[in-house]
*Asks:* 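Next up is a structure, given as structure tokens.
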Amino acid sequence: MFALVDCNNFYASCERLFRPDLRNKPIAVLSNNDGCAIARSEEAKALGIPMGAPAFKIRHLKARGLITMSCNFPLYADLSNRVMQTLKDESPDVSVYSIDEAFINLNKIKDPLNFGLSLKKTVERNTGISISIGIGPTKTLSKAANRYAKKNNNKTNYVYVIDKNCTHLLNTMDTQDVWGIAQGLGKRLALCNIFTATDLALMKPYKARRIGGVGLERIVRELKGISCLSLDETPSGTKSIMVSRTFGQLQTHFEGLSQSIAMFAARVSEKARSKKREGQYVTIFLRTNKHRKQDRQYHVSLSTSLKHPSADTRDICHAALTLLKKIYKPGFNYNKAGVLLTALTPKEGRQFNLLSQPRIKSDELMDAIDKINFINGKETIRFATSGVHRKWKMKQNNLSPAYTTRWSDLPKALVK
DNA sequence: TCTGGGGTCCTAGGACCC
DNA sequence: TCTGGGGTCCTAGGACCC
């Protein structure tokens with residue numbers, strides 16, 4: 001048996017935790033650049049705001065009490081860690097799946113329902129974050145159970161255990177609500193008269209493979225109750241690291257792009273070092289805004305191989321800027337760019353190259369940079385290629401304080 | 001005017017190996 | 001006239017996840 005634990009309206013709940021005045025009010029948390037809604041409180045959902053709604057299309061709802069907030073990932077990451085730590089304290093087999101979700105292996109648990117109910121209480125007491133728990137014989141079914149628990153919380157109290165006979169639950173589930181199926185597959189399935197999760201569960205696996213490859217076959221088997229996805233307690237480690245941003249203003253000139261690419265490359269290198277990994281390939285991409293029909297469109301990416309795996313900012317920056325010179329074309333309105341480092345391997349057990357040695361004292365230099373920036377704040381020292389005047393900086397007009405990760409932002413309690 | 005960021009996995013095709 | 005089989009690795013692109 002698997003349990004899927006999912007935090008309810010996670011980002012919105014985090015924003016509320018230190019702002020009791022926001023309880024029972026419609027809140028939408030916006031993506032970077034305050035672009036679109038990526039989380040909504042129940043009250044905001046009730047206003048009819050769909051996931052991913054552009055901010056400018058929901059602005060008029062402020063008149064009806066909607067509060068929009070910029071996203072505050074340091075806060076969400078810290079609260080996520082607290083939730084995950086509580087789960088790990090309560091159960092030995094936890095696999096963190098995303099910032100607000102984790103799977104738990106329940107094979108040794110005799111009474112899954114009571115385990116779930118008590119786990120929910122503990123997490124809420126320890127962290128203040130409300131969670132839902134779905135329990136089932138496969139990961140896909142536990143996801144379905146979780147969805148059911150949330151939708152019927154007046155009956156389930158946010159905890160639901162699926163049993164072998166779960167037709168009532170799958171009957172009312174569209175294919176696109178099944179974990180792993182989105183628009184593309186959903187449309188293809190509809191052409192074959194497959195509309196509900198029950199239709200899927202009754203499919204022959206070989207037929208599923210023909211329509212949607214090995215992924216869909218797995219989904220079908222999992223819905224039948226045959227576990228194909230294991231808990232994966234020890235994931236193999238990060239395989240790729242990306243840093244990308246939509247610009248605050250459209251960029252046309254090489255200089256602005258090269259500054260942002262250099263900064264992304266520096267961030268990618270820093271992230272790799274913090275994970276003690278090194279990457280072999282550097283990819284960059286540029287794109288124009290697909291929503292601007294009046295603009296000529298250009299979406300492009302290009303990769304290169306480093307001489308040896310590296311997490312040295314100089315290596316990755318140099319590779320990224322060389323790539324940029326190759327793909328940059330003047331005359332386009334670029335709105336997004338990014339740098340990707342792939343084929344990551346652990347720094348321990350690094351494979352050296354007979355013909356090209358790593359830079360001398362690279363580790364010491366990078367270490368010094370990271371330490372200075374850790375102690376004195378981000379980008380206290382940085383490479384000059386990443387620019388001084390940052391026109392492409394992103395918008396964050398309603399950013400909450402870093403309540404739990406910055407001394408100056410600690411919440412204050414007034415005692416009268 | 002204004003539409004996110006960071007991941008994983010799969011597939012197809014090409015280059016290359018013996 | 002007629003040119004194999006079985007692999008791996010890499011890249012690009014797409015689909016999907018939260």
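From a predicted model like this one, the values you see are computed outputs, not experimental measurements.
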*Asks:* Going by the rule side-chain contact (heavy atoms from CB on, under 4.5 Å), which residues pair with A:D199 if we only count those two or more places apart in sequence or in a different chain?
*Replies:*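 A:D199: side-chain contact (heavy atoms from CB on, under 4.5 Å) contacts with A:I194, A:F195, A:T196.
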
*Asks:* Counting only side-chain nitrogens and oxygens, does A:K395 get under 4.0 Å of the OP1 or OP2 atom of B:dC2?
*Replies:*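 So the side-chain polar atoms of A:K395 never come under 4.0 Å of the phosphate oxygens OP1 or OP2 of B:dC2.
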
*Asks:* I need the NZ-P distance between A:K290 and B:dC2, as an integer number of Å.
*Replies:*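 My rounded result for the distance is 15 Å.
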
*Asks:* What residues form a side-chain contact (heavy atoms from CB on, under 4.5 Å) with A:D363, not counting sequence neighbours?
*Replies:*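 So A:D363 forms a side-chain contact (heavy atoms from CB on, under 4.5 Å) with A:K347, A:R350.
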
*Asks:* Does a nitrogen or oxygen in the side chain of A:R292 sit under 4.0 Å from OP1 or OP2 of B:dT1?
*Replies:*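 For A:R292, the contact criterion (side-chain N or O under 4.0 Å from OP1 or OP2 of B:dT1) is not met.
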
*Asks:* B:dG7, OP1 or OP2 - any side-chain N/O from A:S240 closer than 4.0 Å?
*Replies:*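 Result: no.
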
*Asks:* Remember a base hit wins even if backbone is also touched, and classify A:R267 as base, sugar-phosphate or nothing at under 4.0 Å, heavy atoms.
*Replies:*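 It contacts nothing in the nucleic acid.
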
*Asks:* Go through residues 73-91 of chain A and report each residue with a non-hydrogen atom lying under 4.0 Å from DNA chain B, sorted by number.
*Replies:*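 Nothing qualifies; none.
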
*Asks:* A:T288 pairs by side chain to side chain donor-acceptor pair (under 3.5 Å) with which of A:Q251, A:Q297, A:K336?
*Replies:*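 Checked A:Q251, A:Q297, A:K336 against A:T288; only one passes side chain to side chain donor-acceptor pair (under 3.5 Å): A:Q297.
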
*Asks:* Can you check whether A:N289 has a side-chain N or O nearer than 4.0 Å to OP1 or OP2 of B:dT3?
*Replies:*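 Result: yes.
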
*Asks:* Counting a pair only when it is Watson-Crick or G-U and both distances are under 3.5 Å, which runs of at least 3 such pairs involve DNA chain C?
*Replies:*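 DNA chain C stems, ordered by first number: B:5-18 with C:5-18.
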
*Asks:* Under the side-chain hydrogen bond (donor to acceptor under 3.5 Å, both in side chains) test, which residues partner A:Y76, sequence neighbours left out?
*Replies:*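 By the side-chain hydrogen bond (donor to acceptor under 3.5 Å, both in side chains) rule, A:Y76 matches A:E15.
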
*Asks:* If we ignore angles and hydrogens, is there a donor and acceptor under 3.5 Å between the side chains of A:N81 and A:Q85?
*Replies:*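 A:Q85 and A:N81 do not have a side-chain donor-acceptor pair below 3.5 Å.
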
*Asks:* Going by ring-ring contact (aromatic ring centres under 6.0 Å, His included), name the residues that satisfy it together with A:H168, two or more places apart in sequence or in a different chain.
*Replies:*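 Checked A:H168 against ring-ring contact (aromatic ring centres under 6.0 Å, His included); matches are A:Y148.
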
*Asks:* Quick one: side-chain hydrogen bond (donor to acceptor under 3.5 Å, both in side chains) partners of A:S132, sequence neighbours excluded?
*Replies:*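 By the side-chain hydrogen bond (donor to acceptor under 3.5 Å, both in side chains) rule, A:S132 matches A:N8.
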
*Asks:* Looking at residues at least two apart in the chain, or sitting in another chain, which of them share a side-chain hydrogen bond (donor to acceptor under 3.5 Å, both in side chains) with A:R287?
*Replies:*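 With neighbours one apart ignored, the set is empty.
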
*Asks:* Nearest nucleotide by nearest heavy atom, which residue falls closer to the 5' end of DNA chain B, A:G35 or A:S244?
*Replies:*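 Upstream on the strand: A:G35.
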
*Asks:* Whole-Å distance between B:dG4 P and A:Y11 OH?
*Replies:*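 One finds 15 Å between P of B:dG4 and OH of A:Y11, rounded.
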
*Asks:* Output the rounded distance in Å from CZ (A:R245) to P (B:dG7).
*Replies:*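 Rounded to whole Å, this separation is 10 Å.
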
*Asks:* Measuring from the side chain of A:K239 (C-beta onward, heavy atoms only), which nucleotide among B:dT8, B:dG5, B:dG7 has the closest atom?
*Replies:*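 For the A:K239 side chain, the nearest candidate turns out to be B:dT8.
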
*Asks:* Mind calculating the distance between NE2 (A:H291) and C1' (B:dT3) to the nearest angstrom?
*Replies:*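 Going from NE2 in A:H291 over to C1' in B:dT3 covers 4 Å.
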
*Asks:* Please give, in whole Å, the distance from C:dC10 P to A:L306 CG?
*Replies:*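 Distance check: A:L306 CG to C:dC10 P gives 13 Å.
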
*Asks:* Of the nucleotides B:dG6, B:dC10, B:dG4, which one has an atom closest to the side chain of A:R218?
*Replies:*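 Looking only at side-chain atoms, A:R218 lies closest to B:dC10.
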
*Asks:* Using distance alone, with no hydrogens and no angle criterion, decide if A:D312 and A:S362 have a side-chain donor and acceptor under 3.5 Å apart.
*Replies:*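 Yes.
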
*Asks:* DNA chain B: A:L250 or A:G213, which has the more 5' nearest nucleotide?
*Replies:*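 Closest to the 5' end, via its nearest nucleotide, is A:L250.
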
*Asks:* Show me, pair by pair, the donor-acceptor contacts under 3.5 angstrom made by side chains of residues 46-58 of chain A, not counting sequence neighbours?
*Replies:*
none

*Asks:* What integer distance in Å separates A:L344:CG from B:dT8:P?
*Replies:*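 Answer to the nearest Å: 8 Å.
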
*Asks:* Please tabulate, for the side chains in residues 64-73 of chain A, all donor-acceptor contacts under 3.5 angstrom to protein atoms that are two or more places apart in sequence or on a different chain.
*Replies:*
| unit_1 | atom_1 | unit_2 | atom_2 | d |
| --- | --- | --- | --- | --- |
| A:S70 | OG | A:D34 | OD1 | 2.8 |
| A:S70 | OG | A:D34 | OD2 | 3.4 |
| A:S70 | OG | A:N397 | N | 3.2 |
| A:S70 | OG | A:N398 | N | 2.8 |
| A:N72 | OD1 | A:L75 | N | 3.4 |
| A:N72 | ND2 | A:S400 | O | 2.9 |
| A:N72 | ND2 | A:S400 | OG | 3.0 |
| A:N72 | ND2 | A:P401 | O | 3.1 |

*Asks:* Rounding to an integer number of Å, can you tell me how far A:R59 CZ sits from B:dT3 P?
*Replies:*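 Rounded to whole Å, this separation is 10 Å.
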
*Asks:* How many Å lie between CG on A:N32 and P on B:dT3, as a whole number?
*Replies:*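 After rounding, the reported distance stands at 13 Å.
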
*Asks:* Can you name the side-chain contact (heavy atoms from CB on, under 4.5 Å) partners of A:S269, sequence neighbours left out?
*Replies:*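 Expected list: A:R273, A:T313, A:I316.
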
*Asks:* Reading nucleotides 11-18 of chain C 5' to 3', which nucleotides get B (base under 4.0 Å from a protein heavy atom), which S (sugar-phosphate only), which -?
*Replies:* SSS--SSS

